[in-house]
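In each ligand, atom 1 is the first atom listed, and ligand 1 is the first ligand listed. When a residue number appears, it is its place in the shown sequence, counting from 1.
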Amino acid sequence: MKPETDAIRIQTERTAQNEHSAPLYLTSSFMFDDAEHMRAAFADETDDNIYSRFSNPNVQELVDKMCALEGTEAGFATASGMSAVFASFMAFLKAGDHIVACSSIFGSTHTVITKYLTRWGISYSYFDVGRPEELESLIRPETKMIYAETPTNPGLGILDMAHLSSVAKKHGVLLNIDNCFATPALQRPADYGADLITHSATKFIDGQGRVLGGLVLGRRELIKEVYLFCRSTGPSLSPFNAWVLSKSLETLFVRMERHSANALVLAQALEKHPRVLRTSYPFLESHPQHTLAKQQMRAGGGVVTFEIEGGSEAGRRFLNALQFCSRTANLGDTRTTATHPASTTHAKLTEQERLQSGITPGLIRISVGLEHPDDVLNDIRQALDASAV
Ligand SMILES: *Cc1c(COP(=O)(O)O)cnc(C)c1O
């Protein structure tokens, strides 16, 4: 089947009621016919569910769909994107190891790498999204993993996954790609040789701002390690959230197409707006990695960033002037959301640190929703007019 069909048709076994929509398996544990059946399940001789910290039919349906979409053998679903990222590190890294990551990554991932991994003797090096050729020189004998997002959050930089993968293969290290911004509807990192694919399912996979969730996907032998780590430490996804997310996948392709089409309309309009100094969107010709983005991605995705004239104060006024676009940190929602990173998510950094991560004072991040693009554009235009300092 085509992925669009798998996203809709893959399903867990149904009960004797012949439900069309998946039933919800809200149960913490599962029963056995006899002691021998129970022994065999615990000995991993059967695939039977034992306990929802290990596996659950709703969680498995989500994982099976995501494996079909990402083109991977196996996966494990977690309670949030961050628990997926964390598990993808902890299952493979130990004291003395080293990780090379792109410097432009999600804020909490940066905290996990710099504050926690280092505390356990795992060191790191960052390479710049604009200088991927530096990557190879950062690899050491103790390097075990390359970690990157593409597109990056919030900079929207694009990394060449084939290049990352060739460096990883040459040095025998794992390539771990956070595919949260593109989703498998727009790009499949496994096709370029990524070993691990991590997701925050909270964003475009849910797509409606309801639940948190995450996934790690990859080859069977690698996911076995992630499973063993999670089975013991417990960041497992709840069956209810898995049920919601599995339903969400049924509309992922349609949504990503529309998010991308609306985002392109907005990006093209912003590029011509006199109050906008610079617009970033992977499918704009002015994007520095535009050709690469077109090769790797089916469409540009739902996030647009721009630099407003007038710096931080103009950014603040812009947010205040928005009439229906939501001032909220989430992205990937049906509703258009807006943030001003310099005064919120990145306010604790120094000006210098912000600039290093590409957060200029007037940077605005828009996650373009599924409303009619004219309405989104009109709200953003009137807020831009009202933002002049
Ligand atoms: C939001 C996000 C995460 C973390 O996901 P949560 O579900 O919020 O824990 C990780 N990576 C990227 C790129 C994100 O945008």
Out of all atoms in ligand 1, which are within 4.0 Å of some heavy atom of [X]? Include the element for each.
| X | result |
| --- | --- |
| Asn153 | 15 (O) |
| Ser200 | 1 (C), 2 (C), 3 (C), 4 (C), 5 (O), 6 (P), 7 (O) |
| Ser80 | 7 (O), 9 (O) |
| Glu149 | 13 (C) |
| Met82 | 4 (C), 5 (O), 6 (P), 9 (O) |

Among all protein heavy atoms, pick the one closest to [atom] and tell me residue, atom and distance.
| atom | value |
| --- | --- |
| atom 4 (C) of ligand 1 | Phe106 CE2, 3.4 Å |
| atom 6 (P) of ligand 1 | Gly81 N, 3.4 Å |
| atom 7 (O) of ligand 1 | Thr202 OG1, 2.6 Å |
| atom 11 (N) of ligand 1 | Asp178 OD2, 2.7 Å |
| atom 14 (C) of ligand 1 | Lys203 NZ, 2.9 Å |

With the threshold set at 4.0 Å, does a side-chain nitrogen-carboxylate oxygen contact exist between Lys65 and Glu250?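 A salt bridge links Lys65 with Glu250.
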Sub-6.0 Å ring centroid separation between Phe318 and Phe306: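 Here the rings of Phe306 and Phe318 have centres that are less than 6.0 Å from each other.
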Assess the side chains of Gln60 and Ser55: does a donor N or O sit below 3.5 Å from an acceptor N or O?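 Result is no, nothing qualifies.
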For side-chain hydrogen bond (donor to acceptor under 3.5 Å, both in side chains), just list the numbers for Arg335 and Thr328, CA-CA rounded to whole Å, side-chain angles, deciding distance to a tenth of an Å, and then say yes or no. CA-CA 10 Å; Arg335 300 167 181 204; Thr328 181; over 6 Å; no
May I ask you to test the Tyr147-Phe89 pair for a side-chain heavy-atom distance under 4.5 Å?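 Yes, at least one pair of side-chain atoms sits under 4.5 Å.
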Evaluate the ring planes of Tyr227 and Phe54, with Trp represented by its six-membered ring, and classify them as parallel (under 30°), tilted (30 to 60°) or perpendicular (over 60°).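 Perpendicular: the ring planes of Tyr227 and Phe54 meet at over 60°.
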With a 6.0 Å cut-off (strictly less than), is the heavy-atom count around CZ of Phe240, excluding the residue itself, greater than 12?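 Result for CZ/Phe240: open.
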